[in-house]
Amino acid sequence: EARRLNRRLVTFEAETYVDPSLNLALMTEMRRGLHAGEISLHYQPKLTLTDSAVHSVEALVRWRHPVRGPIAPDSFIGIAEETGAIRELTEWTLERALRDRAALKASGHDVVVSVNLSGRLLADRGFCDNVQAMMAGHDHGICLEITETAVIENPTAATASIAAFRAAGLKVSIDDYGVGLSSLSYLKMLDADELKIDKSLVAAVAQSQRDRLILKSTIDLAHSLGMSVVAEGVETADVQAALALLGCDAIQGYLISRPVPLADLTEFLTGWGETPRL
Ligand code: C2E
Ligand code: CA
Ligand code: CA
Ligand code: CA
């Protein structure tokens, strides 16, 4: 059985993007993995700079295949989007995030849990209705991270879905800001709670005055529109210090913690709370 799975997965790697039947095979495999408990969530904290506390964590999907070992989300999320399996994966993720958030709260850590939402799902009415139904009876504390490109590709559907999610008590975050054709003017039409600056824009901030100026105007505009700003991919204390000077609200990255399983996150949050940080 292991050899058979392995042979199939080796072919996925080389031919995934040319043969649709192999995409479907990978999706069958992902659905099997979902039911077999091979897929799990890791969590990465977002550190608020003003009070040095963690008020929010991001859920990131992990697939540990019995033969292949870990498979990175970047190598199956795209295919899941193309085949439609993304809806099942995202509904599973939301349910798990709600459950884990309740467990964190029970151990004294009342944090918002952010879930990544593929742009394709914004145009899926059935999915959007389902999400609103899932949220009923929960005390919210769930944030949906939506990429800026998803919004740019289909502004009408995106703005309507975002409005519906927010009306249902969900928070909304614009993810990967600064990748591709970002435009400050897009921010105007987006009624979101949070803006996440992509790591490509964040990385150079400690060195370049130009990058600092671009970031500063982005942060100021986001603030004037009522959004808080999170910088992604923060790996050094220099970058953290530069971001703090620019008025960035929170940071996320290996400097604070890698994405970790729920048990490790709970331990991290407990340790963080006990250590004076200011
Ligand atoms: P993303 O939403 O932009 O997530 C941030 C990615 O940056 C994560 O990669 C995270 O592990 C990584 N990262 C965090 N801190 C650092 C850092 O300091 N330095 C560097 N170099 N990287 C850092 P990951 O977990 O491999 O996820 C990749 C992408 O896959 C995510 O990008 C997201 O677009 C997608 N993804 C992950 N989980 C899900 C999911 O449940 N649903 C959907 N639709 N997409 C997901
Ligand atoms: Ca994200
Ligand atoms: Ca991102
Ligand atoms: Ca990304």
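Order of appearance sets the numbers: ligands from 1, and atoms from 1 within every ligand.
At least one N or O atom of Val61 sits closer than 3.5 Å to an N or O atom of ligand 1. Backbone and side-chain nitrogen or oxygen atoms of Thr90 are examined, and none is located within less than 3.5 angstrom of a nitrogen or oxygen of ligand 1. For a threshold of 3.5 Å applied to N or O pairs, the pair formed by Arg62 and ligand 1 contains at least one separation below that value.
At a heavy-atom cutoff of 4.0 Å, ligand 1 is contacted by the side chain of Lys199 but not by its backbone. Looking at Asn116 against ligand 1, both its backbone and its side chain come within 4.0 Å, counting heavy atoms. Residue contacts with ligand 1 for Gln44 involve side-chain atoms from C-beta outward but no N, CA, C or O (heavy atoms, distance under 4.0 Å). Neither the backbone nor the side chain of Gln252 comes within contact range of ligand 1; no heavy atom lies under 4.0 Å. Of the heavy atoms in Thr147, none comes closer than 4.0 Å to ligand 1. With a heavy-atom cut-off of 4.0 Å, Asp176 touches ligand 1 through its side chain alone.
Looking only at N/O/S atoms, Asp176 comes nearest to the Ca ion (ligand 3) through OD1. Distances from the Ca ion (ligand 2) to the N/O/S atoms of Glu58 are shortest for OE2. The nearest N/O/S atom of Glu145 to the Ca ion (ligand 2) is OE1. Per residue Asp175, closest N, O or S atom to the Ca ion (ligand 3): atom name OD1.
In this structure, Val57 is a member of the same hydrophobic cluster as Ile256, with clusters built from ILVMFWY side-chain heavy atoms closer than 4.5 Å.
Of the residues listed (Val115, Leu41, Thr93, Asn116), the one engaging Leu60 in a side-chain contact (heavy atoms from CB on, under 4.5 Å) is Asn116, and it is the only one.
For the residue pair Lys171 and Ser56, no side-chain donor N or O sits within less than 3.5 Å of a side-chain acceptor on the partner. No side-chain N or O of Glu58 forms a donor-acceptor pair with one of Ser114 less than 3.5 Å apart. A donor-acceptor contact closer than 3.5 angstrom links the side chains of Asp249 and His223.
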Residues Asp238, Thr236; criterion side-chain hydrogen bond (donor to acceptor under 3.5 Å, both in side chains); working and verdict: CA-CA 5 Å; Asp238 284 358; Thr236 68; 5.3 Å; no
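At least one donor-acceptor pair under 3.5 Å links the side chain of Arg212 to the backbone N or O of Val205. Distance alone, capped at 3.5 Å, is enough to place a donor-acceptor pair between the Ser208 side chain and the Arg210 backbone. Remark: side-chain polar atoms of Thr90 are not paired, donor with acceptor, to backbone N or O of Arg87 under 3.5 angstrom. Between the side chain of Thr48 and the backbone N or O of Asp51, no donor-acceptor pair lies under 3.5 Å.
Summarising the geometry, atom CG belonging to Leu144 is positioned 10.0 Å from atom CG belonging to Asp193; distances are rounded to the nearest 0.5 Å.
Using a non-hydrogen distance threshold of 4.0 Å, Ala72 does not register as a contact of ligand 1. Residue His42 places no heavy atom under 4.0 Å from ligand 1. Within the structure, the closest approach of Ile77 to ligand 1 falls below 4.0 Å when heavy atoms are considered.
Within ligand 1, counting atoms from 1 as listed, the ones closer than 4.0 Å to a heavy atom of Glu58 are 2 (O), 4 (O). Listed by atom number, the atoms of ligand 1 under 4.0 Å from Asp74 heavy atoms are 28 (C), 29 (C), 30 (O). Proximity to Pro259 (heavy-atom distance under 4.0 Å) selects the following atoms of ligand 1: 11 (O).
When the options Ala80, Pro73, Ser118 are ranked by their closest heavy atom to atom 27 (O) of ligand 1, first place goes to Pro73.
Backbone or side-chain N, O or S atoms of Ser114 do not reach the Ca ion (ligand 2) at under 3.0 Å.
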